[in-house]
Amino acid sequence: MTRYLITSALPYANGPIHFGQVIGAYLPADCYVRALRLRGEEACFVCGADEHGVAITIGAEAEESSYEDYVARWRDQAKETFDRLGIEFDVWSGTSVSPFHAEMSREFFRRLDENGYLIRRASEQFYCPKDEMFLADRYVTGTCYVCGHDQARGDECPKCGTWLEALRLEVPRCKVCGTSPERRQTTHWYLDLPKLRDDGIGPWFEDHPWKGNVKAFVGAMLKDLQPRPITRDMKWGIPVPEELLGTLAEGEPDKVLYVWFDAPIGYVSFTREWAEARGEPEAWKDFWRSPDTRLVHFIGKDNIPFHCLIFPSMLFGVKQDYVMPWAVPAMEFYNLQGRKFSTSGNWTIAPDEHFTRYDSEATRFYLLSSAPETSDSEWSWGEFQSCVNASLADTIGNLVTRVLRFVAKHFDGQLPALAPALEDEVRASLLEHSGPFADPVDDILAFRFRRATQTLIANAAVGNVYIDREAPWALRKSDPERAGAVLFGACQWIAWIARWMVPFMPTRAQEIWEMLGGSGPVAAATTDGVPTAANWRLLPAGTALGAITSPFEKLEDATIQAEVAALEARAGN
RNA sequence: GGCGAGGUAGCUCAGUCGGUUAGAGCACUGGCUUCAUAAGCCAGGGGUCGCGGGUUCAAGUCCCGCCCUCGCUACCA
């Protein structure tokens, strides 16, 4: 039986999550998992924080926190944002705290070494004697040897745009403390990507039906692959297996696995943590080492090389029958009102503050409706307003209230009866004459999230067309039985809409289901995707309606204008 | 510099193998309706498909050149 293993890119634990990341890797994944489950598929949804790396040590030291406290804070804050958005992982962990993570990462390293895919190489790097650390190119500044600009970074000169070699910078300085760094010899392990490519990753990649942006980018990379370093000189991280350190020269500092080597292994170790927690310690292998598993990585496009090339190479190279990625629906970039999201430049939306004023379910829907699937897209406050008002409040919300309030007022708050003589007619009016409808789950499973939101709204519009043509407010006076039959149909349609809403707005879907008097989870109402003659009735006549409230509040022009003005004021425009 | 993505209605975007008159939503205009959150339904106006060539019976779609926007360029993650 096919199983789905869904991952969202591990958020780096050194800052808050913003909406660009939410729509890039987390919300589509949650929507996809919910869609799978509506179809009765087995799925495990894995995520957690990425907690190693030099950026975290610098961030923690700057505020005099311990590394552990620092990453715990950002790990918890990210989780809070996901909770507010209704993003429900089956397991949420962190690479510095997950019980299996360090040992599994070392095991990957050992096996890659045993299988001949690691190369050990010595090189020269800048070392800051004051901070007692080797400096990544980004952490060295100096004078550009091309144009003489004195604020050049070790990797690139911001003035002339030249791609620089850090060791050739003139007057180099440590970016953290300003000290003049010294050159030191250091030894590192490299992942032999060219060999992995030739042993199997190359053909595997070529034969796979990748999304366009993935195919183009990785295809180009495959032509010119270099071995890639996977260790670092620092204390914060997972130590390289001791038995492999053996022959290193005296005085070489602590060697840890490079954060980008251990991070994706988190997908594996967190799955194991999930299996352990549910009392089936070996269950993680059913996902990771079964040919029936479909592994889906939700990521932003900046992560494509890691998820389509490097991590698959690692999975392949350990030769333990790990599954390879089945799909990598990489999102493009998400901007905010025409500019990049920037937390430091205050051009951002703070999620926790956002949810004090706006509906998180509506926010989910708008984000999915504007997802950067095929090209960069953006959050626009005007579009958010128009989406909430026109699509959610006017089309779905108003359909719910116009029907339910009518039933409450004139039919005793109970789902009216459908007279057998009218059955065929009502069903045909609803299913055949009010417009086409489709299951949004089909779009979602094809990773077409924008289209899926349109499908949902189009389905809701069918309900409005039906009500308008049947005009139960007129029938109530001339033919009450027929009016009741029409409303019976309308209520069934609303039940279907609630069901279709589940992957996008799970909480609101349940609320509407309960307004209709539905019991149990709406997601369990039916496993069918669209109503047919056999299954269009989800609720029996006589069902007592629950309390009726407006599902979506509209957003005023003034509210939106104030939001845009506040954003620009914060950014200093 | 190299590689990649994009440019279609006022706005946001669909457009599959080249094939009827290039579509949708929002916005706008007119009509209908009064159950409903001033909501709903119907109809309509609005496009030189970035520019210039080429292939073809036929090009938004394929090829070449150019312009513009954005991303990546692998020891930040």
Side-chain angles (χ1 to χ4, degrees), chain A residues 9-15 50 52-56 58 123 125-126 134-140 153-156 161-163 166 186 188 190 193 212-213 215-221 223-226 228-233 258-260 263 300-306 309-310 332-333 335 340 369-370 373-378 380 382-383 385-387 389-395 397-407 409-410 434 448 450-451 453-454 457-458 461 463-476 483 486-487 490 548-554:
Chain A
L10 306 188
Y12 196 55
N14 77 333
D50 175 12
H52 295 132
V54 64
I56 279 170
I58 290 173
S123 65
Q125 266 183 30
F126 278 128
F134 279 92
L135 299 174
D137 292 352
R138 287 239 169 156
Y139 291 105
V140 184
R153 287 193 326 212
D155 52 353
E156 187 179 17
T162 308
W163 195 245
T186 182
H188 284 296
Y190 290 66
L193 290 170
N213 54 354
K215 183 105 196 163
F217 191 44
V218 178
M221 281 183 78
K223 288 173 191 152
D224 183 31
L225 272 185
Q226 304 296 324
R228 190 183 169 97
I230 56 171
T231 53
R232 288 289 183 278
D233 292 301
Y258 177 29
V259 59
W260 247 111
K301 68 177 168 187
D302 52 332
N303 260 328
I304 289 172
F306 296 99
L309 187 59
I310 298 173
E332 301 288 308
F333 271 31
N335 297 313
K340 278 191 194 177
S369 79
S370 61
E373 273 165 23
T374 54
S375 61
D376 293 357
S377 64
E378 65 173 25
S380 145
E383 293 289 325
Q385 179 192 27
S386 142
C387 172
N389 292 359
S391 298
L392 298 181
D394 292 349
T395 305
N398 184 54
L399 174 64
V400 171
T401 50
R402 73 189 297 201
V403 171
L404 297 195
R405 289 196 204 285
F406 195 87
V407 172
K409 194 168 174 186
H410 299 295
S434 295
R448 304 290 300 265
R450 300 176 79 124
R451 176 176 285 184
T453 61
Q454 291 169 10
I457 299 305
N464 281 318
V465 172
Y466 166 79
I467 290 289
D468 265 73
R469 197 184 48 251
E470 299 294 341
W473 49 89
L475 287 173
R476 187 176 69 84
V486 165
L487 289 164
I548 303 163
T549 54
S550 295
F552 300 101
E553 295 302 322
K554 287 205 184 195

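By convention in this document, chain letters (A, B, ...) are assigned in the order of the sequence lines, proteins followed by strands, and residues within each chain are numbered from 1. Nothing here was measured: the structure is a model prediction, and the numbers come from that model.
- In this structure, A/Pro229 and A/Tyr258 approach most closely via the heavy-atom pair O-CD2, 3.6 Å.
- What separates CD of A/Gln226 from P of B/G2 is a distance of 19 Å, to the nearest Å.
- Among the protein residues, A/Arg450 comes within range of the sugar-phosphate backbone only, with heavy atoms under 4.0 Å from sugar or phosphate atoms but none that close to a base.
- Within the nucleic acid shown, A/Glu332 has no heavy atom closer than 4.0 Å to any nucleic acid atom.
- Counting to the nearest Å, the P atom of B/U73 and the NZ atom of A/Lys301 are 11 Å from each other.
- Distance CD1 (A/Ile304) to C1' (B/G71): 10 Å, rounded to an integer number of Å.
- Residue-level contact check: A/Arg476 touches neither bases nor backbone, having no heavy atom under 4.0 Å from any strand.
- Proximity of a side-chain donor or acceptor of A/Ser377 to a complementary backbone N or O of A/Glu373 within less than 3.5 Å is not detected.
- Of all non-hydrogen atoms in A/Ser550 and A/Arg405, the two that sit nearest each other are OG-NH2, 3.8 Å.
- Between B/G60 and B/G54, the two P atoms lie 15 Å apart (nearest whole Å).
- Listed nucleotides: B/A39, B/C76, B/A14. Nearest to the side chain of A/Lys554: B/A39.
- Across B/G1 and B/A59, the matching P atoms stand 34 Å from one another, rounded to whole Å.
- Whole-Å rounding puts the A/Phe333 CZ to B/C72 C1' distance at 8 Å.
- B/G18 sits 15 Å from B/C49 when the C1' atoms are compared, rounded to a whole Å.
- Nucleotide B/G40 holds its P atom 11 Å from the CG atom of A/Asn389, rounded to whole Å.
- Side-chain atoms of A/Asn398 lie closest to B/G40 of the nucleotides B/A77, B/G40, B/C41.
- Across all strands shown, A/Thr374 has heavy atoms under 4.0 Å from sugar-phosphate atoms exclusively, and none from any base.
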### Query
What dot-bracket string describes RNA chain B from 5' to 3', counting Watson-Crick and G-U wobble pairs whose defining distances are under 3.5 Å, with [ ] for crossing pairs and | for pairs to another strand?
(((((((..((((.....[...)))).(((((.......))))).....(((((..]....))))))))))))....
#### Entry: Reading 5' to 3' through nucleotides 24-35 of chain B, protein heavy-atom contacts under 4.0 Å coded B for base, S for sugar-phosphate only, - for none
--S------SSB
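- Here the side chains of A/Trp260 and A/Ile310 are not in contact, with every heavy-atom distance at 4.5 Å or above.
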